[in-house]
Enquirer: 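Before I ask anything, let me first share the structure, which is written out below as structure tokens.
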Amino acid sequence: MRLIENSTDLARLRIDSGLDRCAFVPTMGALHEGHASLVRAAIATGRPVVVSIFVNPTQFGPNEDYGRYPRTLAADCALLAGLEVAAVYAPSVEEIYPRGLEAAAREAASLALPEVALTPQLEDACRPGHFGGVALVVNRLFELVDPATAHFGEKDFQQLRLIEECTRADPTRANRLEICRCPTIREADGLAMSSRNRYLSDGDRLSALALSRALAAAADAAVAGEDDAPNVAAAERAMHEILRASGPAINCAIEYAVVRDACTLRPVADFSQPTRALIAARVGSTRLIDNRAIAPRR
Ligand code: AMP
């Protein structure tokens with residue numbers, strides 16, 4: 001496994017070592033089993049696998065955790081060395097944004113994003129500017145790596161939909177690149193794995209279980225009995241009740257707990273089409289997100 005830190009070496013390796021048309025897994029590091037599952041999906045394509053590790057400053061708001069985001073490159077490389085990864089690309093901020101961060105922030109803000117990243121009032125509303133930064137860095141990484149497949153987790157569902165839409169909107173890219181969805185990997189008790197889970201105190205860690213429990217309650221509400229027609233408002237109420245019951249930390253800080261169209265992420269009136277339950281909540285000082293598919297009901 002090669003560790004590459006600049007785009008010149010990356011370009012050379014692509015040509016010299018047959019890394020062209022690779023399977024690509026972009027990450028911000030602090031890797032866990034969720035990331036490893038993406039790497040395994042990439043390996044399963046039979047292509048050489050490239051993993052990027054880059055904590056992207058343009059997708060963090062001014063009061064977010066960019067400064068304290070865990071940076072664990074040595075441990076990440078150790079984890080990846082146990083998998084069949086051809087190269088780890090861990091560029092500096094200057095490498096990704098050679099014209100400087102202010103210019104990058106302006107560029108991120110000026111990008112025309114698809115509706116799914118602008119109107120649902122989910123991450124788009126809670127983290128203004130976030131998706132501009134995501135679209136900017138993913139586009140830059142795609143340009144540098146030029147992969148054949150790129151693997152993203154459903155854990156960040158609105159981000160996944162953004163990347164699917166951006167790729168679809170660019171026919172040249174869509175012809176060269178397949179965006180592959182990977183399911184959310186959870187701890188045994190249901191908590192979705194996240195690099196931010198390491199911020200949780202023992203008490204927060206228990207409260208955090210409310211997110212996956214609330215999503216399960218929404219799925220149960222959606223399959224209510226024949227006479228008890230499933231109802232989106234009831235599913236959303238069930239989520240809020242569980243989140244509120246989980247203790248004062250989470251009680252104060254539900255950002256959203258909603259059921260949405262699984263494609264547009266817009267509100268739905270019923271469960272006749274594929275829907276997705278999505279939650280963002282602050283547990284202590286840690287912001288967590290999670291989501292779950294809800295099967296359509298006819
Ligand atoms: P991050 O390093 O948090 O930016 O995530 C990098 C990629 O890993 C994204 O595509 C995430 O959606 C994905 N990911 C993060 N957590 C999980 C998880 N628990 N299960 C599956 N994929 C995940």
Side-chain angles (χ1 to χ4, degrees), residues 23-45 49-61 64-66 68-73 75-77 79-80 83 85 88-91 93 96 116-117 122-123 127 130-142 145 147 149-167 177-200 205 208-209 211-212 215 265 276 278-280 286-293:
F24 180 43
V25 181
T27 81
M28 296 205 301
L31 302 182
H32 49 67
E33 259 311 300
H35 299 110
S37 75
L38 270 53
V39 173
R40 288 193 193 95
I43 292 168
T45 64
V49 174
V50 175
V51 177
S52 66
I53 296 180
F54 178 65
V55 184
N56 174 35
T58 63
Q59 71 187 68
F60 288 79
E64 294 184 355
D65 56 346
Y66 175 67
R68 74 165 179 143
Y69 196 86
R71 290 158 171 89
T72 59
L73 185 61
D76 293 346
C77 287
L79 184 149
L80 295 172
L83 302 167
V85 171
V88 177
Y89 178 46
V93 171
I96 295 295
V116 76
L122 300 173
E123 295 302 285
R127 302 186 67 185
H130 171 64
F131 284 133
V134 169
L136 185 68
V137 77
V138 170
N139 186 50
R140 174 94 175 118
L141 289 168
F142 283 171
V145 177
T149 63
H151 302 259
F152 290 89
E154 291 183 339
K155 161 77 170 46
D156 300 274
F157 196 76
Q158 195 176 8
Q159 167 180 284
L160 168 66
R161 289 290 305 118
L162 160 70
I163 291 158
E164 287 174 340
E165 288 300 312
C166 288
T167 306
L177 171 64
E178 183 189 353
I179 303 298
C180 305
R181 290 182 172 204
C182 301
T184 301
I185 304 299
R186 299 175 179 281
E187 304 286 356
D189 59 10
L191 179 67
M193 290 191 183
S194 164
S195 304
R196 291 187 169 97
N197 289 352
R198 66 187 72 198
Y199 300 154
L200 298 169
R205 173 71 183 69
L209 285 180
L211 274 80
S212 53
L215 293 171
L265 300 185
R276 202 97 195 167
L278 304 109
I279 295 177
T286 306
R287 184 175 189 276
L288 298 177
I289 58 172
D290 199 357
N291 69 86
R292 171 174 172 152

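Every value quoted in this text rests on a predicted model; they were computed, and no experiment measured them. For ligands, and for the atoms within them, numbers begin at 1 and follow the listed sequence.
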Enquirer: What I want to know is whether Cys182 and ligand 1 share at least one N or O pair that is separated by under 3.5 angstrom.
Expert: no

Enquirer: How close does the nearest protein non-hydrogen atom get to atom 20 (N) of ligand 1, and which residue and atom is it?
Expert: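 Here the closest protein heavy atom is Ile185 N, 2.8 Å.
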
Enquirer: Would you call Pro26 a ligand 1 contact, heavy-atom distance under 4.0 Å?
Expert: yes

Enquirer: Suppose we measure from atom 1 (P) of ligand 1 to each protein heavy atom; which comes out shortest, and what is that distance?
Expert: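 Protein heavy atom with the smallest distance to atom 1 (P) of ligand 1: His35 NE2, 3.6 Å.
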
Enquirer: Is the shortest distance from a Lys or Arg side-chain nitrogen in Asp65 or Arg287 to a carboxylate oxygen in the other one below 4.0 Å?
Expert: no

Enquirer: Do the non-hydrogen side-chain atoms of Phe142 and Pro147 ever get within less than 4.5 Å of each other?
Expert: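 Yes. Closest side-chain heavy atoms under 4.5 Å.
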
Enquirer: With a 4.5 Å limit on heavy-atom distance, are the side chains of Phe157 and Leu122 in contact?
Expert: no

Enquirer: Looking at Pro183, which atoms of ligand 1 are within less than 4.0 Å of one of its heavy atoms?
Expert: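 In order of number, 20 (N), 21 (C).
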
Enquirer: Below 4.0 angstrom, N of the basic side chain to O of the carboxylate: do Glu154 and Arg276 qualify?
Expert: yes

Enquirer: Starting from atom 4 (O) of ligand 1, find the nearest protein heavy-atom neighbour and note its residue, name and distance.
Expert: Met28 CG, 3.5 Å

Enquirer: Between Glu187 and Arg205, does at least one N-O distance fall below 4.0 Å, as a salt bridge requires?
Expert: no

Enquirer: Quick one: does Asn291's side chain have a donor or acceptor within less than 3.5 Å of a partner on Lys155's backbone?
Expert: yes

Enquirer: With a cut-off of under 6.0 Å to the ring centre and 45° to the axis, is Arg68 in cation-pi contact with Phe60?
Expert: no

Enquirer: Take every heavy atom of His32, measure it against each atom of ligand 1, and state whether any distance is under 4.0 Å.
Expert: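 It does, in that a heavy atom of His32 comes within the 4.0 Å cut-off of ligand 1.
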
Enquirer: Would Leu38 count as being in polar contact with ligand 1, using the rule that some N or O on each side must be under 3.5 angstrom apart?
Expert: no

Enquirer: For atom 12 (O) of ligand 1, what is the nearest protein heavy atom, given as residue, atom name and distance?
Expert: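 The closest heavy atom on the protein side is Asp156 OD2, 2.7 Å.
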
Enquirer: State, without any angle test, whether Thr149 and His151 hold a side-chain donor-acceptor pair at a distance under 3.5 Å.
Expert: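 Thr149 vs His151: donor-acceptor pair found between side chains.
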
Enquirer: Could you list the atoms of ligand 1 found under 4.0 angstrom from a heavy atom of Met193?
Expert: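 Answer, ordered by atom number: 16 (N), 17 (C), 18 (C), 19 (N).
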
Enquirer: Does the pair Arg161/Glu123 count as a salt bridge with the N-to-O cut at 4.0 Å?
Expert: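 Salt bridge absent between Arg161 and Glu123.
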
Enquirer: At what distance is the nearest protein heavy atom to atom 23 (C) of ligand 1, and which residue and atom is it?
Expert: Lys155 CB, 3.9 Å

Enquirer: Hey, which atoms in ligand 1 end up nearer than 4.0 Å to a heavy atom of Thr27?
Expert: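 Within the 4.0 Å cut-off of Thr27, ligand 1 contributes 2 (O), 6 (C).
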
Enquirer: Is there a polar contact, in the sense of an N or O pair closer than 3.5 Å, between Phe152 and ligand 1?
Expert: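 In fact, backbone or side chain, Phe152 has no N or O that close.
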
Enquirer: Quick one: look up the protein heavy atom nearest atom 10 (O) of ligand 1 and list residue, atom name and how far away it is.
Expert: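 Scanning the protein heavy atoms, the shortest distance from atom 10 (O) of ligand 1 goes to Gly153 N, 2.9 Å.
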
